[in-house]
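Notes for the one structure printed next.
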Amino acid sequence: MNIRNLLSDYVTQAMLAAGLPAECQAHVAASKKAGFGDYQANGAMGAAKIAKAKPRDIAQQIVDQLQQNSDVQVMISHIEIAGPGFINLTLDPQWLAANIRIINQDKQLGIQDDQPQTVVVDYSSPNLAKEMHVGHLRSSIIGDAVVRTLEFQGHNVVRQNHVGDWGTQFGMLIAELEEQLQEGESASLALKDLEGFYQSSKKHFDESEAFANKARDYVVKLQSGDAHVLTLWEQFRRVSLTHSQEIYQQLNVTLNADDVRGESAYNDDLAPLVAELQQQGLAVESQGAQVVFLEEMADKEGNPSPVIIQKQGGGFLYATTDLAALRYRSHTLHADRVLYFIDARQSLHMQQVFTLAKKAGFVNDNISLEHHPFGTMMGADGKPFKTRTGGTVKLADLLVEAVERAEKVVADKNPNLSAEERAVIARKVGIGAIKYADLSKTRTNDYIFNWETMLSFEGNTSPYLQYAYARIQSIFRKADIDVSALNSELALNEPAEVALSIKTLQFAEVVEQSTREAYPHLLCTYLYDLAGLFMRFYEQCPILKDGIDEDTKNSRLQLALSVANTLNKGLDLLGIETMDKM
RNA sequence: GCGCCCGUAGCUCAGCUGGAUAGAGCAUCCGCCUUCUAAGCGGACGGUCAGAGGUUCGAAUCCUCUCGGGCGCACCA
């Protein structure tokens with residue numbers, strides 16, 4: 001149940017019934033200020049211009065029609081026209097109360113997408129040659145939040161972890177691995193420190209001519225399918241994927257081994273793909289390379305945008321692999337949408353690949369190809385986030401630090417917890433804080449990573465939301481009844497109760513918008529507002545205190561339940577865990 | 001040079017398809033715990049929405065230009 005869509009439908013019907021042209025839009029939105037109703041329809045002003053009439057007269061005609069609609073009569077308690085022609089709509093508390101009861105009986109919290117789509121989501125996609133670092137954080141957690149939300153809406157989501165598991169650097173790594181294995185190391189032990197391994201093999205490569213030649217030879221052997229080299233490559237790949245998988249587990253990211261479909265998976269498709277582009281007359285030789293010139297993306301002077309799909313030496317590039325992946329995603333996975341959560345710096349590349357894929361017929365006509373870029377994670381100095389010594393921050397280290405810092409705060413705030421409880425809470429709080437700090441910002445901007453603001457746990461942070469949830473659970477424990485079994489009439493008398501009910505019932509609107517635009521921060525803002533309204537309700541509307549009659553108590557318990565369920569689900573969609581105590 | 005993104009309170013950020021008096025948090029200051037968890041609540045202070053034009057009933061939001069910042073632009077991914 002989506003309040004805004006519902007009202008939008010009613011207002012649109014009313015506008016048509018009032019004889020206004022179909023092009024007129026209802027423009028329904030939640031009101032920003034108290035005193036302007038709960039929702040407002042702003043379409044009368046625009047319609048007045050089209051109909052060449054006075055805005056307030058048009059508004060009155062719309063209102064007259066609305067008042068004849070029996071559904072509106074149930075839903076809306078008060079309609080007024082204000083200012084130049086705003087139509088302010090106040091929701092009926094009884095209608096709100098009835099809907100709170102409905103969502104309390106519904107695991108989907110009133111959310112059901114009527115048109116399930118197949119959505120392929122490309123996210124995380126680390127390079128297996130190196131250890132996962134902070135640069136992978138945003139893609140992994142933003143992508144995962146959108147994936148979880150799409151699945152909750154009932155879409156068929158196909159995760160694609162397009163890992164970097166192919167290319168020239170693997171010759172060097174495999175050669176290094178071979179040497180260390182000969183010294184009696186096991187693969188998993190040799191690769192325990194993946195970052196160090198990469199550096200030592202790079203050093204080896206730079207310093208030893210013999211080793212460098214071997215590395216180059218292994219690249220060729222790898223690509224021609226040499227059994228020995230392939231075995232080494234598989235060992236390397238397996239260990240590296242295990243590293244990633246550990247990170248996903250700690251981060252509570254839903255990717256697993258089945259979702260991995262790396263660059264190597266498209267290896268056999270690349271040569272035929274280039275041949276096909278040549279046959280279509282799209283790819284031409286230029287300076288020894290195979291290039292497609294896209295006039296669709298020409299610059300001011302009309303110079304088409306070049307996409308190199310094969311190097312002069314015959315090697316393929318990531319554009320080629322991405323094209324092959326796109327074809328697979330459209331023709332084999334039958335995607336309606338393909339979402340890419342990739343750094344904003346890749347925008348030009350993504351646009352080229354999308355344009356070319358459509359032009360060459362590698363994707364179906366009505367597919368939606370979407371690059372959802374994000375900015376860089378910055379340090380407090382406003383420069384890309386690095387360690388004190390200027391190195392790359394490993395994701396594993398970052399997560400450990402988050403949990404350690406959280407544990408100190410948890411111990412400080414609540415000394416009554418057992419060591420076991422404290423450890424579990426610290427993990428959920430620390431990981432949640434790091435994820436929420438990222439998810440709550442508009443993804444397209446760079447964002448400044450700051451331990452202090454993130455773990456101060458005040459204001460718009462995940463602990464605030466988790467705390468709101470824990471407070472509600474604490475009430476339920478104290479009430480000592482099965483709150484989910486309650487199903488009596490609610491009475492929403494206090495302004496804090498009404499405001500909280502409305503916000504709770506707006507969950508569906510926010511979920512819809514956040515997947516449509518792939519913006520999890522909309523969900524964060526919503527949850528923060530919801531938690532804030534709950535805190536106010538908590539202060540103003542006692543539930544279990546003396547002097548509260550049974551009906552009021554049961555009403556408030558049910559309202560609190562709807563909030564708890566919404567907070568829990570909302571945080572779950574962000575990949576953040578809740579707890580009953582903290 | 002061309003292209004993309006960005007510029008909102010001292011700091012970190014919201015501001016939805018143009019809507020009514022631009023909102024939070026932090027910081028600063030003032031209140032509220034013999035407890036439904038103070039990781040909280042209430043209040044105060046704080047803005048020429050980078051600047052200039054334009055579009056219109058109405059612009060932080062759309063268009064143009066200027067300034068300032070970030071990032072891309074043929075054989076790495």
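This one's a predicted model, so the numbers in the text were calculated from it and none came from an experiment. A, B, ... follow the sequence lines: proteins, then strands. Residue 1 opens every chain.
In this structure, A:Tyr538 packs face-to-face on the six-membered ring of B:C36, meeting both the 5.5 Å centre cutoff and the 30° plane limit. In this structure, A:Phe36 forms an aromatic stack with the base of B:A20, since both conditions hold: centre separation below 5.5 Å and plane angle below 30°.
Using C1' as the reference atom, B:A14 and B:C26 are 15 Å apart when rounded to the nearest Å. Using atom P as the reference point in both B:G68 and B:C2, the two lie 15 Å apart (nearest Å). Atom name P, nucleotides B:U34 and B:G7: the rounded distance is 46 Å, in whole Å. B:U56 and B:G3: their P atoms are spaced 28 Å apart (whole Å). A distance of about 30 Å separates the C1' atoms of B:C62 and B:G46, rounded to the whole Å. Here the separation of B:A60 from B:A20, taken at their P atoms, is 9 Å to the nearest Å. Look at the P atom in both B:C63 and B:U55: the space between them is 15 Å, to the nearest Å. As rounded to the nearest Å, B:U48 and B:A22 have P atoms that lie 13 Å from one another.
Contact annotation for A:Gln40: base contact, defined as any heavy-atom pair under 4.0 Å involving a base atom. A:Ala48 comes within contact range of no nucleotide atom at all, as no heavy-atom separation falls under 4.0 Å. Across all strands, A:Gln312 comes closer than 4.0 Å to base atoms (heavy-atom distances). Using a 4.0 Å heavy-atom distance criterion, A:His349 is classed as making no nucleic acid contact. Residue A:Tyr464 is in sugar-phosphate contact alone, with no base atom involved, counting any heavy-atom pair closer than 4.0 Å across all strands shown. If you check every strand for non-hydrogen atoms under 4.0 Å, A:Met535 touches sugar and phosphate atoms only. At a threshold of 4.0 angstrom between heavy atoms, the contacts of A:Ser474 include nucleobase atoms, whether or not backbone atoms are also involved. Looking at heavy-atom distances under 4.0 Å, A:Asp580 makes contact with a base. Using a 4.0 Å heavy-atom distance criterion, A:Ala479 is classed as making no nucleic acid contact. Within 4.0 Å of A:Val28, counting heavy atoms only, lies at least one base atom of the nucleic acid. If you check every strand for non-hydrogen atoms under 4.0 Å, A:Gln466 touches nothing. Contacts of A:Ile308 with the nucleic acid, taken as non-hydrogen atoms under 4.0 Å apart, include base atoms. A:Tyr519 comes within 4.0 angstrom of nothing in the nucleic acid, heavy atoms only.
Put simply, A:His521 has a side-chain N or O that comes within less than 4.0 Å of OP1 or OP2 on B:G15. Listed pair A:Lys33 / B:A20 fails the phosphate criterion, with no side-chain N or O lying under 4.0 Å from OP1 or OP2. At B:C36, none of the side-chain N or O atoms of A:Lys553 fall inside 4.0 Å of OP1 or OP2 (strictly under the cut-off). Between B:C76 and A:Lys311, a contact under 4.0 Å exists linking OP1 or OP2 to a side-chain N or O. Contact check, A:Thr442 against B:A14: a side-chain N or O comes under 4.0 Å of OP1 or OP2.
Using a 4.0 Å cut-off between a side-chain N of Lys or Arg and a carboxylate O of Asp or Glu, A:Glu407 and A:Arg427 do not qualify as a salt bridge. A salt bridge links A:Asp206 to A:Lys202: at least one charged side-chain nitrogen sits closer than 4.0 Å to a carboxylate oxygen. Here A:Lys383 does not pair with A:Asp381 in a salt bridge; the nearest charged N to carboxylate O distance is not below 4.0 Å. One finds no salt bridge joining A:Lys408 and A:Glu404 here, because no Lys/Arg side-chain nitrogen approaches an Asp/Glu carboxylate oxygen to under 4.0 Å.
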key: Watson-Crick and G-U pairing of RNA chain B written in dot-bracket, each distance under 3.5 angstrom, with | for inter-strand partners   = (((((.(..((((.....[...)))).(((((.......))))).....(((((..]....)))))).)))))....

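Taking the centre and axis of the six-membered ring of A:Tyr198, the NZ or CZ atom of A:Lys130 falls inside the cone set by 45° and 6.0 Å. Relative to the ring axis of A:Tyr519, A:Arg443 places its NZ or CZ within 45° and under 6.0 Å from the centre. Cation-pi geometry between A:Arg471 and A:Phe476 is not satisfied (NZ or CZ under 6.0 Å from the ring centre, within 45° of the ring normal). Figure legend: cation-pi geometry between A:Arg261 and A:Tyr266, with NZ or CZ positioned under 6.0 Å from the six-membered ring centre and within 45° of its axis.
For B:C49, the glycosidic angle deviates from 0 by more than 90°, giving an anti base.
Of the candidates B:U17, B:C75, B:C13, the closest approach to any side-chain atom of A:Leu317 belongs to B:C75. Side chain of A:Lys32, nearest nucleotide from B:A60, B:C36, B:G18: B:A60. Considering only the side chain of A:Gln287, B:A74 comes nearest among B:A74, B:C36, B:A77. Ranking B:A38, B:A77, B:G19 by closeness to the A:Tyr467 side chain, first place goes to B:A38.
On a pure distance criterion of 3.5 Å, no polar donor-acceptor pair joins the side chain of A:Arg556 and the base of B:C36. Side-chain atoms of A:Ser286 come within donor-acceptor range of the base of B:A74, with a qualifying N/O pair under 3.5 Å. One N or O donor and one acceptor, one from the side chain of A:Asn88 and one from the base of B:A20, sit under 3.5 Å apart. Residue-to-nucleotide contacts include a donor-acceptor pair under 3.5 Å from the side chain of A:Tyr318 to the base of B:A77.
Atoms CD1 (A:Ile448) and P (B:C11) sit 10 Å apart, rounded to a whole Å. Atom CZ in A:Phe537 sits roughly 14 Å away from atom P in B:C36 (whole-Å rounding). Put simply, CD on A:Glu539 is 12 Å from P on B:U37, counting in whole angstrom units. When rounded to the nearest whole Å, the span between CG of A:Asn445 and C1' of B:A14 equals 11 Å. When rounded to the nearest whole Å, the span between CG of A:Asp446 and P of B:C13 equals 9 Å. For A:Glu301 and B:G3, the CD to C1' distance is 12 Å, given to the nearest whole Å. Going from atom CG of A:Asn416 over to atom P of B:A38 covers 13 Å, rounded to whole Å. Atom CZ in A:Arg471 sits about 15 Å away from atom P in B:C33, given to the nearest Å.
Comparing A:Ala344 and A:Phe293 by the nucleotide of RNA chain B that holds the closest heavy atom to each, the one mapping nearer the 5' end is A:Ala344. Residue order along RNA chain B, read from the 5' end via each residue's closest nucleotide, puts A:Ala30 first among A:Lys581 and A:Ala30.
Distance alone, capped at 3.5 Å, places no donor-acceptor pair between the A:Arg536 side chain and the A:Ala496 backbone. Put simply, the side chain of A:Ser140 never gets that close to the backbone of A:Ser124: no donor and acceptor are under 3.5 Å apart.
A:Trp166 and A:Trp233 have perpendicular rings, their planes meeting at more than 60° on a 0 to 90° scale where under 30° would count as parallel.
Scored by the ring-ring contact (aromatic ring centres under 6.0 Å, His included) test, A:Tyr464 finds A:Tyr528 as partners (sequence neighbours excluded).
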